[in-house]
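Before any comments, here is the structure.
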Amino acid sequence: MESRYKSFHYIEDLSKYANSDVILRGWVANKTEKGKLVFIQLRDGTGTVQCVTFKGNVSEEVFANAKKLTQESAVKIIGSVRADERAPSGFEVDVKEIEIYHISTDYPITPKDHGDAFLMEHRHLWLRSSRQHAIMRVRASVIKAIKDYFDSNGFKQMDSPMLTPSACEGTSTLFETKYFDMGSAYLSQSGQLYAEASAMALGRVYTFGPAFRAELSKTRKHLTEFWMVEPEMAFFDLNDDMDLAEDLVVYIVEYVLKTNRKELEILERDISKLEAIKRPFYRLSYDEAVKWLQDNKIPLKKKVDGKEVEILPFPWGEDFGSPQEEAIMEQFDKPCIIHRYPAEVKAFYMKRDPDNEKVVLAMDMLAPEKGGEIIGGSQREDNEDLLLERIRHENLPEEDYQWYLDLRRFGSVPHSGFGMGVERMVKWITGASHIREVIPFPRMIYRIYP
RNA sequence: UCCUGAGUAGCUCAGCUGGUUAGAGCAUCUGACUGUUAAUCAGAGGGUCGGGGGUUCAAGUCCCUCCUCAGGAGCCA
């Protein structure tokens, strides 16, 4: 026997049911009355459609029920689908029966303007509004595109642990938790080191999971809990790594363009900007980028003894901050990869450039339109002695890294990988102004509710 | 953590140099309308002006302090 749910009707499929009856289940997004007419904007998670109740067509009880409906009341509506030029979706439903699941009272989010703080307090309800709904559908597409791309290109998903005995990179601050009688455990800030071990077992792998950073970041592009995909590939050098990063980004953007036209329209996204995202992307070495900053008189802002000072020309060896990255990206309509950063500002596991000992084989991909850093990656140090030297230099607990050093003791090979922030990617593609809008329940420095 | 800014009705805000009973739009409730889609029209209810302390004949308004929130910086995906 066929499962009952398989016969359910959904608003996104309404064009298939023109001139026939459907049973819709959903919530009242809005309602207006005009005498003998009641217009119900019905939302079922797949879309929204206007259901028209005309007093002359239904029983008095059904009409009374229609009038009783409030914003976000839950209903089952039986009606016939009719093409209508006046409807934004092209179709309307003429109501025949209404069954009320629940009448909602005093729904806090009205169709008018609200402030960010208020909406964040009601995030669990805010997700129902059309803009948030559209963003979440794009997010789901981005995640699906990521997995599709890797799964169909020889990669195996191989997830890394969330609970770890120590810091992966040693730099960022970590969330600490008790771990039975074994002291402290930490929530992972990156799955990369474990992904390297996985890559030595399966060749090309990717981890997909949450990452946790206890940094006191308070900006529109930071979360304390975010999702990250991290591919790691044996025998890939930095160039292979950058090529893969470009191919992945192009695939994701194309997939969203193909799948989410309606959502991008609701978000008023300039689609031509996304259609321009084709290979090759721009690439600049750190040296070239520094020269550009110097030529264009972009200073380094730095705090010296508590005072902020501007340093011109931009000194070689300093990491780029948002002002530098934004200045560089203003000239580009496609992402730009900056590679070969000074070793001092980058993580211990990155491989030195054999052509220049001062830099490491690292790369960051910056997105245009103030999308910021969406990818960070590198070729990994594969020499045991050099890696150990770096671990000691950073004062990392050597004993915690023995398993990681084993990867350089037993069949060490050149290998590379990168991390892509899912929310950063969704923020750029949707054009959302704040990263908190692109994850269902954002975790930020001053917010853990709802 | 540092810098800057904000807190007045359920929501978004106005409120002058301190001065009578603190206002508007939306939302809610009642009524009218067969084409609304941020409907319109008529009417009604709705306030510890973030908390505490102070100055003053008089404080939403000035001062002190605490709390909450937002934006930016650094760090990073």
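- Between A:Glu437 and the choices A:Arg220, A:Lys427, A:Arg131, the side-chain contact (heavy atoms from CB on, under 4.5 Å) rule is met once, by A:Arg131.
- The C1' atoms of B:rC16 and B:rC3 are separated by 30 Å, rounded to the nearest whole Å.
- As rounded to whole Å, 17 Å separates atom P of B:rA6 from atom CG of A:Asp116.
- The interatomic distance linking A:Phe418 (CZ) with B:rA77 (P) rounds to 13 Å, in whole Å.
- B:rG7 and B:rU48: their C1' atoms are spaced 15 Å apart (whole Å).
- Evaluation of atom-type donor-acceptor distances gives a pair under 3.5 Å for the side chain of A:His222 against the base of B:rC76.
- One atom, CE of A:Met444, and another, C1' of B:rC75, lie 17 Å apart when rounded to the nearest Å.
- Comparing B:rG35, B:rA77, B:rU36 against the side chain of A:Lys34 picks out B:rG35 as the nearest.
- Taking atom C1' on both nucleotides, B:rG19 is separated from B:rU37 by 48 Å, rounded to a whole Å.
- When each of B:rU1, B:rA77, B:rG35 is scored by its nearest atom to the side-chain atoms of A:Arg82, the top-ranked nucleotide is B:rG35.
- Of the residues in residues 318-332 of chain A, those lying under 4.0 Å from RNA chain B by heavy-atom distance are A:Asp319, A:Gly321, A:Ser322, A:Pro323.
- Spacing between atom NZ of A:Lys31 and atom P of B:rU36 amounts to 17 Å, rounded to whole angstrom units.
- Separation of the P atoms belonging to B:rC29 and B:rC13 is 24 Å when rounded to the nearest angstrom.
- Counting all heavy atoms, side chain and backbone alike, A:Phe314 lies closest to A:Ile298 at CB-O, 3.8 Å.
- What you find for A:Leu274 and A:Arg269 is that their closest heavy atoms are CD2-NH2, 3.7 Å.
- Across B:rG50 and B:rA73, the matching P atoms stand 30 Å from one another, rounded to whole Å.
- A close approach under 4.0 Å does occur between a side-chain nitrogen or oxygen of A:Arg436 and OP1 or OP2 of B:rG71.
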Donor-acceptor contacts under 3.5 Å from residues 58-66 of chain A side chains, at least two apart:
| from | atom 1 | to | atom 2 | distance (Å) |
| --- | --- | --- | --- | --- |
| A:Ser59 | OG | A:Val62 | N | 3.2 |
| A:Asn65 | OD1 | A:Lys68 | NZ | 3.3 |

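- The A:Tyr446 side chain lies nearest to B:rA70 when the options are B:rA70, B:rG74, B:rU12.
- Of the candidates B:rA77, B:rG35, B:rG71, B:rG35 carries the atom nearest the A:Leu37 side chain, counting heavy atoms from C-beta on.
- For the pair A:Gln71/A:Trp27, no side-chain contact is recorded, criterion being any heavy-atom separation below 4.5 Å from C-beta on.
- One cannot find a donor-acceptor pair under 3.5 Å joining the base of B:rG31 and the side-chain atoms of A:Glu33.
- For A:Lys334, the NZ atom is densely surrounded, since the number of other residues' heavy atoms within 6.0 Å is greater than 12.
- A side-chain donor from one of A:Gln132 and A:Arg123 sits under 3.5 Å from a side-chain acceptor of the other.
- As a whole-Å value, the separation of A:Gln71 CD from B:rC26 P is 16 Å.
- When the nucleotides B:rA77, B:rC29, B:rC11 are ranked by their closest atom to the side chain of A:Thr70, B:rC29 comes out on top.
- Checking A:Leu14, A:Ile78, A:Leu42, A:Val52 one by one against A:Val93, the side-chain contact (heavy atoms from CB on, under 4.5 Å) holds for a single residue, A:Leu14.
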Check step by step if side chain to side chain contact (heavy atoms under 4.5 Å, CB included) holds for A:Met242 and A:Ser416. CA-CA 10 Å; A:Met242 293 193 285; A:Ser416 302; over 6 Å; no
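- A salt bridge links A:Arg436 with A:Asp116: at least one charged nitrogen is closer than 4.0 Å to a carboxylate oxygen.
- Contact annotation: side chain of A:Thr110 to base of B:rC26, donor-acceptor pair absent below 3.5 Å.
- Taking atom P on both nucleotides, B:rU65 is separated from B:rG23 by 33 Å, rounded to a whole Å.
- Side-chain atoms of A:Lys221 lie closest to B:rC75 of the nucleotides B:rA77, B:rG35, B:rC75.
- A stacking contact between A:Phe39 and B:rG35 is absent: the pair does not combine a ring-centre distance of less than 5.5 Å to the base's six-membered ring with planes differing by less than 30°.
- Atom CZ in A:Phe226 sits about 12 Å away from atom C1' in B:rC75, given to the nearest Å.
- At a threshold of 4.0 angstrom between heavy atoms, the contacts of A:His122 with the nucleic acid are absent.
- Looking at every heavy atom in both residues, A:Glu230 comes nearest to A:Ala195 through O-CB, 4.5 Å.
- Contact check, A:Asn30 against B:rA39: a side-chain N or O comes under 4.0 Å of OP1 or OP2.
- For A:Arg220 and B:rC76, the CZ to C1' distance is 17 Å, given to the nearest whole Å.
- With B:rC11, B:rC76, B:rG74 as the candidates, the nucleotide lying closest to the side chain of A:Thr219 is B:rG74.
- Across all strands, A:Glu121 comes closer than 4.0 Å to no nucleic acid atom at all (heavy-atom distances).
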Give the dot-bracket line for RNA chain B from 5' end to 3' end: parentheses for intra-strand Watson-Crick or G-U pairs under 3.5 Å, square brackets for crossings, | for inter-strand pairing, dots for unpaired. (((((((..((((.....[...)))).(((((.......))))).....(((((..]....))))))))))))....
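- Nearer to the 5' terminus of RNA chain B, by closest-nucleotide assignment, is the contact made by A:Phe118 (compared with the other of A:Gly35 and A:Phe118).
- Residue A:Met420 is classed as having no contact, given no heavy-atom separation below 4.0 Å to the nucleic acid.
- Between the C1' atoms of B:rU12 and B:rG31, the separation comes to 27 Å (whole Å).
- Here B:rC76 presents its P atom at 7 Å from CD of A:Glu215, a figure rounded to the nearest Å.
- Shortest non-hydrogen contact noted between A:Pro108 and A:Leu125 is CG-CD1, 3.7 Å.
- Rounded to whole Å, the separation between the C1' atoms of B:rC11 and B:rU20 comes to 30 Å.
- Counting non-hydrogen atoms under 4.0 angstrom, A:Ile109 reaches nothing in the nucleic acid.
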